[in-house]
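For this chain, numbers begin at 1 and follow the sequence in order. When reading the values below, keep in mind they use all heavy atoms of this one structure, side chains included, and skip hydrogens, waters and symmetry mates.
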Amino acid sequence: MTQNKRDVVYGFIRERIVMGQYRPGDLLDEQTLARKNGVSRTPVREAVHRLEEEGLVQVLPKRGILVSQISLKGINDMMEARYLLEPFLLRKGFSLLDAERLMEFRGHEQAKIDADDSHVERSAEDFDTILHLYLSSKADNHYLSDTLHRLMTQNQRMRALTSTLHSERVLESCREHVDILDKAIDGDLDGTVSALQEHLRHSRASYGLLGDFKHEYFSL
């Protein structure tokens with residue numbers, strides 16, 4: 001029961017951080033979080049510990065729970081790590097990707113493009129994260145997979161914040177996903193990796209837009 005309560009509180013806080021409702025630098029109160037979720041402080045502390053491990057919050061003694069701030073260096077480091085890691089994992093597991101699953105992914109992205117749908121999904125349903133983790137999953141290396149999961153948690157946050165400043169980037173990303181998927185469906189390994197790298201470069205550039213809001217989002 002305690003674990004279930006912890007998971008509920010974890011999901012509640014994580015969703016609000018990733019989607020920007022709890023903004024970088026905000027202070028959260030343990031008692032308030034417990035009251036909002038109808039739980040004692042113990043599940044809140046357990047959830048906060050997990051979020052701290054993921055780099056989404058910091059616990060400040062006698063002050064509260066600080067929503068982790070963002071830095072341009074942090075963004076660049078995250079994207080640099082993804083640029084090195086994802087192509088390697090894709091190459092390693094490429095032959096095991098399921099063609100039917102890839103077609104389903106393509107259909108999802110094409111439908112968003114056709115509907116001119118630029119909204120960002122809730123974090124638990126975030127297609128971008130689901131797709132990138134799938135393309136990397138067949139490499140079957142749990143150490144690298146765990147690292148990528150952590151990176152994608154931070155990436156979700158960047159995507160949600162960027163979409164408020166540059167909504168057209170959402171559809172640009174969908175079109176880039178379609179290009180990746182088309183090449184993967186055709187069995188073109190080098191082309192798929194190249195399209196993935198191009199997509200990551202464009203994402204990195206779009207996240208740089210957050211620098212215009214340094215006073216609001218960024219640590220010093």
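Classification of Arg14 and Asp7 as a salt-bridged pair fails, no side-chain N sitting under 4.0 Å from a carboxylate O. Ion pairing between a basic and an acidic side chain is recognised when a charged N comes within 4.0 Å of a carboxylate O; Asp77 and Lys73 show such pairing. Looking at Glu198 and Arg201, a side-chain N of the basic residue comes within less than 4.0 Å of a carboxylate O on the acidic one, giving a salt bridge. Ion pair Asp29/Arg63 not flagged as a salt bridge, since none of the NZ, NE, NH1 or NH2 atoms sits closer than 4.0 Å to an Asp/Glu carboxylate oxygen. A salt bridge links Asp117 to Lys112: one of the charged nitrogens lies within less than 4.0 Å of a carboxylate oxygen.
Here the shortest heavy-atom pairing between Tyr10 and Ala47 reads N-CB, 3.5 Å. Contact detail for Val18 and Thr153: the closest heavy-atom pair is CG2-O, 4.4 Å. Taking all atoms of both residues into account, the shortest heavy-atom contact from Glu30 to Arg45 is OE2-NE, 3.0 Å.
Interatomic distance, Leu66 CG to Asp26 CG, rounded to the nearest 0.5 Å: 8.5 Å. Summarising the geometry, atom CZ belonging to Arg204 is positioned 9.5 Å from atom CE belonging to Met78; distances are rounded to the nearest 0.5 Å.
Put simply, the side chain of His119 does not reach to within 4.5 Å of the side chain of Val170, judged on heavy atoms. Side-chain contact between Leu102 and Asp98 is absent, with no heavy-atom pair separated by less than 4.5 Å. Contact annotation: the side chain of Arg106 never approaches that of Glu109 to less than 4.5 Å [non-hydrogen atoms, C-beta and beyond]. Here the side chains of Val67 and Leu56 are not in contact, with every heavy-atom distance at 4.5 Å or above.
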request  = Go through Asp126 and Arg159 one step at a time and tell me if the side-chain contact (heavy atoms from CB on, under 4.5 Å) criterion holds.
outcome  = CA-CA 10 Å; Asp126 177 25; Arg159 286 185 68 246; 2.7 Å; yes

task = Go through the steps for Lys92 and Asp140 under the test salt bridge (Lys or Arg N to Asp or Glu O under 4.0 Å), then give the verdict.
result = CA-CA 9 Å; Lys92 191 169 186 288; Asp140 193 27; over 6 Å; no

message = The test is salt bridge (Lys or Arg N to Asp or Glu O under 4.0 Å); show your working for Lys183 and Asp179 and say whether it passes.
response = CA-CA 6 Å; Lys183 289 178 170 60; Asp179 188 34; 2.6 Å; yes

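Aromatic pair His149/His132: ring centres not closer than 6.0 Å.
Applying the ring pair (Phe, Tyr, Trp, His ring centres under 6.0 Å) test to Phe105 and every residue at least two apart in sequence or in another chain returns Phe127, Tyr134.
By the 6.0 Å and 45° rule, Arg16 stacks over the aromatic ring of Phe12.
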